[in-house]
Protein chains: 2
Amino acid sequence: MVTLADVARHAGVSASTVSYVLSGKRSISASTRERVESSIQHLGYHPHAGARALPGGRPRVIALMMPLRTDVYVPVMMEIALAVATTVRARGYDILLLTGEEGPSGVRRIERGALADAVILMDVELDDDRLPLLRASARPAALIGMPADTSRLHCVDLDFAAAGALCVEHLAGLGHRDVAVIGEASAVYARRTGFAERTLDGLRTRSRELGVRLLHLPCEGSRTVAATLTRILEQRPATTAFVVQNEAATEPLLTLLRRQRLAVPGKVSVMAVCAEQTAVHASVPLTSIAVPAQKMGRRAAEQVMAQLAGERNAEGEVALFEPELTVRNSTGPRSHETS
Amino acid sequence: MVTLADVARHAGVSASTVSYVLSGKRSISASTRERVESSIQHLGYHPHAGARALPGGRPRVIALMMPLRTDVYVPVMMEIALAVATTVRARGYDILLLTGEEGPSGVRRIERGALADAVILMDVELDDDRLPLLRASARPAALIGMPADTSRLHCVDLDFAAAGALCVEHLAGLGHRDVAVIGEASAVYARRTGFAERTLDGLRTRSRELGVRLLHLPCEGSRTVAATLTRILEQRPATTAFVVQNEAATEPLLTLLRRQRLAVPGKVSVMAVCAEQTAVHASVPLTSIAVPAQKMGRRAAEQVMAQLAGERNAEGEVALFEPELTVRNSTGPRSHETS
DNA sequence: GAGAGGTATCGAAGCGCTTCGAGTGCAAGG
DNA sequence: CCTTGCACTCGAAGCGCTTCGATACCTCTC
């Protein structure tokens, strides 16, 4: 193992000089810098991670807490995680992966063990039990997802309320008056996940404003889509449009509608709030509002980087992405035949 | 921050005694141990991660290198990753997440920086460029996936060759004589991913033995399934069974067959080598061989743990899981009508 | 041309932890 | 009773790195 002392010896300077070349915290003459840098190259020196973390030093690691749940759509989580990893890596940081299972005790472990310089939490609930710890801590942090109280926190999310509103506007603009919402599994609402609840708020508020009748039903998974659809058509036979926020339900829904001879978008319109990929690859390409997973991951990473760079903003910052609606083949004007 | 010295002071012993209580490397009297342990509890002591990593010490971190690719099925990767994370966490280790993008230089970084005690690599290619580094290194390692040369390596994988063979056996047993294989994207074969190639070997060998005619076509994604199916039916109109090893293609294939009035399993049989979830939730529940993602992750984690515990096996160990075929609703006896 | 101020470098201390060698006290053995 | 060996504990050294003075030299300025 090559140490800093080896580099110093090779370059004919003291260890501290090498350290300052590396950190840039004191001025170094150009000639010395070059000599040291070439020694580093030549010996293939890499700082020892543990030693770097020692005094008040930064381990150059970001902790990322990822959910273990199976009721969230995994590819989106993954895309976020990889965007975070790529972004921080570009700045010389590594990612420590924690599972959501660990909850507050995971945050405490990071804190106590000085394992990481900053924390990024995914799958944040409206009233998340990890937040008090985060607020009490001096450690930079960012949330992906928005809790109810965002004071003194840094958050990144899609503006799901606006997304909900945008769905209603689009459908109302096409003449639809009866819209059904096929939502996430009831467990997702039960544990008060922000995005699901906010989307619903947006849908409801705008529906009321535009005089659209809205029926919302949670949907447990792909197997229960049929039952959900049946209930919708019984309770609201006049339904001509569906908003789906449940990755597992989109394709089964399209299949069922096809089987029932409800042409999309001829007879009924379908739109989704989902991953771009899901919408594009559906058997009927779906008009959708995409969850900007990659952007969110990158932005959260940048938030903690900025905090680490000393641009501490004690007030926090909420970065909400504007929803963008992409019209594809699954929505059209309301059909006036009775279904 | 509570340090080991604080604990020592509180317990009225020396720092080294506390250290020995923690590591168990020397005998400690019961009374002292109790006193120290209660001080640890009382003060909420957590060892400082950096300091622990210092001398020859173990940082208690496992590096996990995960692919960034989009042509692998993400949920399986995720399941493996989370199984690894959960398993090592139970033993007090943390996970450092690297992206596959980093390639060999990522491995080198771990090595040089002493960032992790061991490495687990996912998405291993037959002739992976990270392997020479691993072999040269003293650091414990495990691969998820099997390279061509496994000497001195620890690997975990499903026995994909056996899986391929098992598929053919099952279909031949039902009387099928013309089988089409819808495979992964051609890029997957091009970069010589072990699992795809081995499955194909198994399929081909057993087909030859059992007198089954086999046609293999790669499939780029869900959009190209139709073209692939057309080519199959043109080249081998007698085809009565399909083996799918491509998560994105399964559902579109079922939809297409339905549209062409090829009842499953009445007219044609379909089976898959895929995630359990995909098979169960398909519109026709699929006879399948599941990829035991969770088991693989856990086993790889256990392999490195064993190596860390000193059970170093310089010869390596290849843990191949026996494929298990679950019969569902998608395979049946060959129909003797002409399709 | 002496002090002020700046730049470039060094030595030493110390971060929290592990580990080695040494030391204490005690029981058993000669 | 003295040695031997064992069980237990301590002090000190040192891991690789950062950082804080201190030092040496150089360039201005009055």
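Quick note on labels: first sequence line is chain A, next is B, and so on, each numbered from 1. Side chains included, hydrogens not; waters and symmetry mates left out as well; all remaining heavy atoms used.
Taking atom CD1 of I40(B) as the reference point, atom P of dG16(C) lies 16 Å away to the nearest angstrom. The interatomic distance linking K25(B) (NZ) with dC17(C) (P) rounds to 15 Å, in whole Å. Residue L4(B) contributes atom CG, which lies 9 Å from atom C1' of dT18(C) at whole-angstrom precision. Taking atom CZ of residue R33(A) and atom P of nucleotide dA8(C), one finds them 9 Å apart after rounding to whole Å. For E34(A) and dA8(C), the CD to C1' distance is 15 Å, given to the nearest whole Å. Taking atom CZ of residue R9(A) and atom C1' of nucleotide dG11(C), one finds them 15 Å apart after rounding to whole Å. Between the NE2 atom of H48(A) and the P atom of dT18(C) there is a distance of 13 Å, given to the nearest Å.
The side chain of Y20(B) sits closest to dT19(C) out of dC17(C), dT19(C), dT18(D). Nearest nucleotide to the S27(B) side chain, out of dT9(C), dC17(C), dC8(D): dC8(D). Of the candidate nucleotides dC17(C), dT19(C), dA8(C), dA8(C) has the atom lying nearest to any side-chain atom of S29(A).
Interface remark: the R26(A) side chain does not form any donor-acceptor pair with the dG6(C) base, using a distance-only criterion of under 3.5 Å. Counting distance only, with no hydrogens placed and no angle test, the side-chain atoms of S16(A) and the base atoms of dG11(C) include a donor-acceptor pair under 3.5 Å.
Look at R109(A) and D94(B) and you find a salt bridge, because one of the NZ, NE, NH1 or NH2 atoms lies within 4.0 Å of a carboxylate O, short of that distance. Salt bridge R135(A)/D149(A): present, at least one basic N to carboxylate O contact under 4.0 Å.
Between A142(B) and A300(B) the shortest heavy-atom distance is CB-O, 3.8 Å. Closest non-hydrogen pair, R139(A) versus D117(A), comes out as CG-O, 3.2 Å.
Checking the phosphate oxygens (OP1, OP2) of dG16(C), no side-chain nitrogen or oxygen of T3(B) falls inside 4.0 Å. Contact between the side-chain N/O atoms of T17(A) and the OP1/OP2 oxygens of dC10(C) is found at a separation under 4.0 Å.
Between the side chains of T193(B) and R191(B), a donor-acceptor pair is found at a separation under 3.5 Å. S14(B) and T17(B) share a side-chain donor-acceptor pair at under 3.5 Å.
As judged by a 4.0 angstrom heavy-atom cut-off over every strand, V13(B) is placed among residues touching the sugar-phosphate backbone only. S19(B) comes within 4.0 angstrom of a nucleotide base, judged by non-hydrogen atoms across all strands.
The rotation axes computed at either terminus of the helix from dG1(C)-dC30(D) to dG30(C)-dC1(D) lie 50° apart, taking five pairs at each end and rounding to 10 degrees.
The backbone N or O of R35(B) lies less than 3.5 Å from a partner atom in the side chain of S39(B), making a donor-acceptor pair.
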